[in-house]
Amino acid sequence: MRIKRGSSNVFEADMTPMIDMVFQLVAFFMIVTNFDQQQADERVKLPMDQLATPRQEARKLEITVNIGFNRDATGKILSDPLVLLPGGDVDVLTYGKVNLGREAAVARARGGKEEIENTSIAIRADSEVPTGLVQEVIKLSQEHGFSKFSLKAMAGDGE
């Protein structure tokens, strides 16, 4: 009995669409990934510090307060210090009295006194904001029941 020997029909897959799909997925996840800077305002120029290190994990209950200035294209300060908010900038003391009061009320409604005690206030102040103003924000936060604070700085090499 004779067996016909024919050419093998090995099909090779075209990998081009697969590579395209992988690059599209990488681009998609880079865009939708929630980076820790979501509450950071680029108008705030943080002070440099050698000891500044990013947190390994984000706090679950954190209110970020961005204190900075309105500046022109050259970087010249055009206003008094403001709390920079997406809906519009607010005077620092007004924010401390009104907005922090609302945040405290929301925290109390959500989880009572324990919720407010576990909420941290992260202050990102421009390097040119007077220290006394940052202290005033901390004092107003304490008046509303907040007790945990963190001050943000940009990691620097000390030069």
Pair up each side-chain donor or acceptor in residues 14-31 with any protein partner under 3.5 Å, not counting sequence neighbours, and list the distances.
| unit_1 | atom_1 | unit_2 | atom_2 | d |
| --- | --- | --- | --- | --- |
| D14 | OD1 | T16 | N | 3.4 |
| D14 | OD1 | T16 | OG1 | 3.1 |

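In the hydrophobic clustering of this structure, L133 groups with I77; members are Ile, Leu, Val, Met, Phe, Trp, Tyr whose side-chain heavy atoms approach within less than 4.5 Å, directly or through other members.
Legend: residues meeting side-chain hydrogen bond (donor to acceptor under 3.5 Å, both in side chains) with R108, ordered by chain and number and at least two apart, are absent. A search for side-chain contact (heavy atoms from CB on, under 4.5 Å) contacts involving D80 returns nothing, not counting sequence neighbours. For Q142, the side-chain hydrogen bond (donor to acceptor under 3.5 Å, both in side chains) criterion is met by no residue, not counting sequence neighbours. Scored by the side-chain contact (heavy atoms from CB on, under 4.5 Å) test, V90 finds L85, T94, Y95 as partners (sequence neighbours excluded). The side-chain contact (heavy atoms from CB on, under 4.5 Å) test applied to E114 returns N118, not counting sequence neighbours.
Side-chain contact between I67 and V92 is present, with heavy atoms from C-beta onward closer than 4.5 Å. Counting heavy atoms from C-beta outward, P81 and E128 have side chains that stay 4.5 Å or more apart. For the pair F146/E103, a side-chain contact is recorded, criterion being any heavy-atom separation below 4.5 Å from C-beta on. Taking 4.5 Å as the limit, some side-chain heavy atom of I138 sits within range of a side-chain heavy atom of I123.
Note that CG of L100 is 7.0 Å distant from CG of L140, once rounded to the nearest 0.5 Å.
A donor-acceptor pair under 3.5 Å is formed between the side chain of S79 and the backbone N or O of N70. For the pair H144 (side chain) and N99 (backbone), a donor-acceptor distance under 3.5 Å is absent.
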Would you check, one step at a time, whether the test side chain to side chain contact (heavy atoms under 4.5 Å, CB included) holds for E62 with T119?
CA-CA 5 Å; E62 183 174 73; T119 300; over 6 Å; no

Go through it in stages, so that I can follow the logic: the residues are L82 and F69, the test is side chain to side chain contact (heavy atoms under 4.5 Å, CB included), and I'd like the CA-CA distance, side-chain angles, deciding distance and then a yes or no.
CA-CA 6 Å; L82 300 167; F69 301 96; over 6 Å; no

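Look at D126 and R71 and you find a salt bridge, because one of the NZ, NE, NH1 or NH2 atoms lies within 4.0 Å of a carboxylate O, short of that distance.
Residues I116 and A104 approach most closely at CD1-CB, 3.5 Å, considering heavy atoms.
Exactly one residue among V134, V137, V65, I121 makes a side-chain contact (heavy atoms from CB on, under 4.5 Å) with F149. That residue is I121.
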